[in-house]
Number of protein chains: 2
Amino acid sequence: MAQQWLDEQQQRTWRAWLTVAELVPRVLDAQLQRDAGISHAAYVVLAMLSEAPGRSRRMSDLARRANQSQSRLSHTVARLEDRGLVRRERSAEDGRGNLAVLTDDGWDVVRAVAPGHVDAVRAALFDPLTEEQSRALGEALEVVVERLDPDHSLRVEHGADAAR
Amino acid sequence: MAQQWLDEQQQRTWRAWLTVAELVPRVLDAQLQRDAGISHAAYVVLAMLSEAPGRSRRMSDLARRANQSQSRLSHTVARLEDRGLVRRERSAEDGRGNLAVLTDDGWDVVRAVAPGHVDAVRAALFDPLTEEQSRALGEALEVVVERLDPDHSLRVEHGADAAR
DNA sequence: CCCAATTGCTTGAGACTTCAACATCCTGAG
DNA sequence: CTCAGGATGTTGAAGTCTCAAGCAATTGGG
């Protein structure tokens, strides 16, 4: 509860945060939509798969890494599956589990669009910053992540059902 | 287009950004939804109106300040109007213009929910940071804003139709 | 004065996200 | 072995955002 309001400096930071948090996704979505017809959330999923062993991951693992709820990921993957970029397989070890697998078409899309995406990220976020500012930004963000998600579990749903 | 990839430090910063950009809105939306049944985007609109002279602003002005496209703001205000928190008036000087006006009910909602919202913002973003980190974060974000939106006009639609 | 271009805003459709309910499979206590 | 409870995913509906199209008012060049 502490003090009631933000101080002057915090207010400026907060407004800048709101603006950047609104603008950056817009810029990236626009680039990805134009170049590959996919959303940023979908791109992150494809990118995570492209880095994974066997180009595949369990849905829950993928959801955690892509910062998406399981439900959202399920829909996202369903759309990617419709477009033939991803395929789903039931897990062998655990019959509940589902594996998302990047198809060859999906791989091609990632390869084709990644460089432009990286350029867009750099242009939007890193180019304006000095080395020192970039480092400081990273440090601050990592501290915040640590607070918001202490055990790096990002359990989005079913999470902490204490009060009820 | 310069180097192809992000360096090690930039990658970490970028991943932290993605996580924070996903988690912070989730936390704030949850708090506002619970306490007032409104989204964060809607809260920002109400807050902007509550600070405005006459508790009212032109739609386009409001859209700019709330970092929303005109279309999105139009939908947002329509929903707020349905709930009786905002009222719309045609502008006197410019017959095209529309004025969004905060109603008494809307004012009450802002008053009631603002303290808890500020607490949530502080808890999520500022509490984990030292004074110095907070200042550095603000500086970095402001530099990025300056790049993304040089003339502070945030013209979201009709924007820069050079390439076509 | 006149109308074509521009500005301000709204609308509807489609894409995406959230939320709650559900189905399925696994695990472990008895 | 059995079944209750937990874990993993999916689904459908409702809410929200984006995009393109459209309407109404204003402006400026002829």
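Just the heavy atoms: all of them, side chains too, but no hydrogens, waters or symmetry mates, feed the values below.
- If you check every strand for non-hydrogen atoms under 4.0 Å, A:T76 touches sugar and phosphate atoms only.
- Among the nucleotides C:dC9, C:dT17, D:dG12, the one closest to any side-chain atom of B:M59 is C:dC9.
- Here the closest heavy-atom approach between residue A:R58 and residue A:S91 is recorded as NH1-OG, 4.4 Å.
- The side chain of B:D94 sits closest to D:dT26 out of D:dC19, D:dT26, C:dT10.
- The residue A:S60 sits close only to the backbone: its heavy atoms come under 4.0 Å of sugar-phosphate atoms, none of a base.
- Side-chain N/O atoms of A:Q70 include one lying less than 4.0 angstrom from OP1 or OP2 on D:dG9.
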Would you tabulate the side-chain donor-acceptor contacts of residues 46-53 of chain B under 3.5 Å, counting partners in other chains and residues two or more places apart, or write 'none'?
| residue | atom | partner | partner atom | Å |
| --- | --- | --- | --- | --- |
| B:S50 | OG | B:A47 | O | 2.7 |
| B:E51 | OE2 | A:R15 | NH2 | 3.4 |

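- The shortest non-hydrogen separation linking B:Q11 to B:L6 is NE2-O, 3.6 Å.
- In this entry the distance linking CG of A:L80 with C1' of C:dA15 reads 13 Å, nearest Å.
- Between D:dG9, D:dT18, C:dT10, one nucleotide has an atom nearer to the side chain of B:R72 than all others, and that is D:dT18.
- The base of C:dT11 is paired with the side chain of B:S71 by a donor and an acceptor separated by under 3.5 Å.
- Of all the heavy atoms in B:P128 and B:A123, the pair that sits closest is CD-O, 3.7 Å.
- Residue A:H75 has its side chain nearest to D:dT11 when only D:dT11, D:dG9, D:dT18 are considered.
- No contact: A:D29 has no heavy atom under 4.0 Å from any strand.
- Among the protein residues, A:R90 comes within range of no part of the nucleic acid, since none of its heavy atoms lies under 4.0 Å from any strand.
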Sequence neighbours excluded and cut-off under 3.5 Å, please list the side-chain donor-acceptor pairs for residues 96-105 of chain B, or say none.
| residue | atom | partner | partner atom | Å |
| --- | --- | --- | --- | --- |
| B:R96 | NE | B:D94 | OD1 | 3.0 |
| B:R96 | NE | B:D94 | OD2 | 3.4 |
| B:R96 | NH2 | B:D94 | OD2 | 2.8 |
| B:T103 | OG1 | B:G84 | O | 2.7 |
| B:T103 | OG1 | B:L85 | O | 3.1 |
| B:T103 | OG1 | B:D105 | N | 3.4 |
| B:T103 | OG1 | B:G106 | N | 3.0 |

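- An OP1 or OP2 oxygen of D:dC17 is reached within less than 4.0 angstrom by no side-chain nitrogen or oxygen of A:R26.
- Taking atom CD on B:Q68 and atom P on C:dT10, their separation rounds to 13 Å, with Å as the unit.
- Atom CD in A:E81 sits roughly 14 Å away from atom P in D:dG9 (whole-Å rounding).
- The A:R96 side chain lies nearest to D:dA7 when the options are C:dT11, D:dA7, D:dG9.
- For the pair A:L99 CG and D:dT10 C1', the interatomic distance rounds to 16 Å; values are reported in whole Å.
- Within the 4.0 angstrom heavy-atom criterion, base atoms lie near A:R79.
- Each of B:Q33 and A:N98 has a nearest nucleotide on DNA chain D; the 5'-most of these lies closest to A:N98.
- One interatomic measurement links the two molecules: CD1 of B:I38 to P of D:dA14, which rounds to 22 Å at whole-angstrom precision.
- In this structure, B:L32 places its CG atom 15 Å from P of C:dT18, rounding to the nearest Å.
- Looking only at atom types and distance, the side chain of B:Q68 has a donor-acceptor partner in the side chain of B:T76 under 3.5 Å away.
- The interatomic distance linking A:R83 (CZ) with C:dG14 (C1') rounds to 13 Å, in whole Å.
- No donor-acceptor contact under 3.5 Å links the side chain of B:S74 to the base of C:dC9.
- Note on B:A78: nothing from the nucleic acid sits closer than 4.0 angstrom, heavy atoms only.
- Nearest nucleotide to the A:R88 side chain, out of D:dT10, C:dC16, C:dT18: D:dT10.
- Here the C1' atom of nucleotide C:dT17 and the CD atom of B:E22 are 10 Å apart, to the nearest Å.
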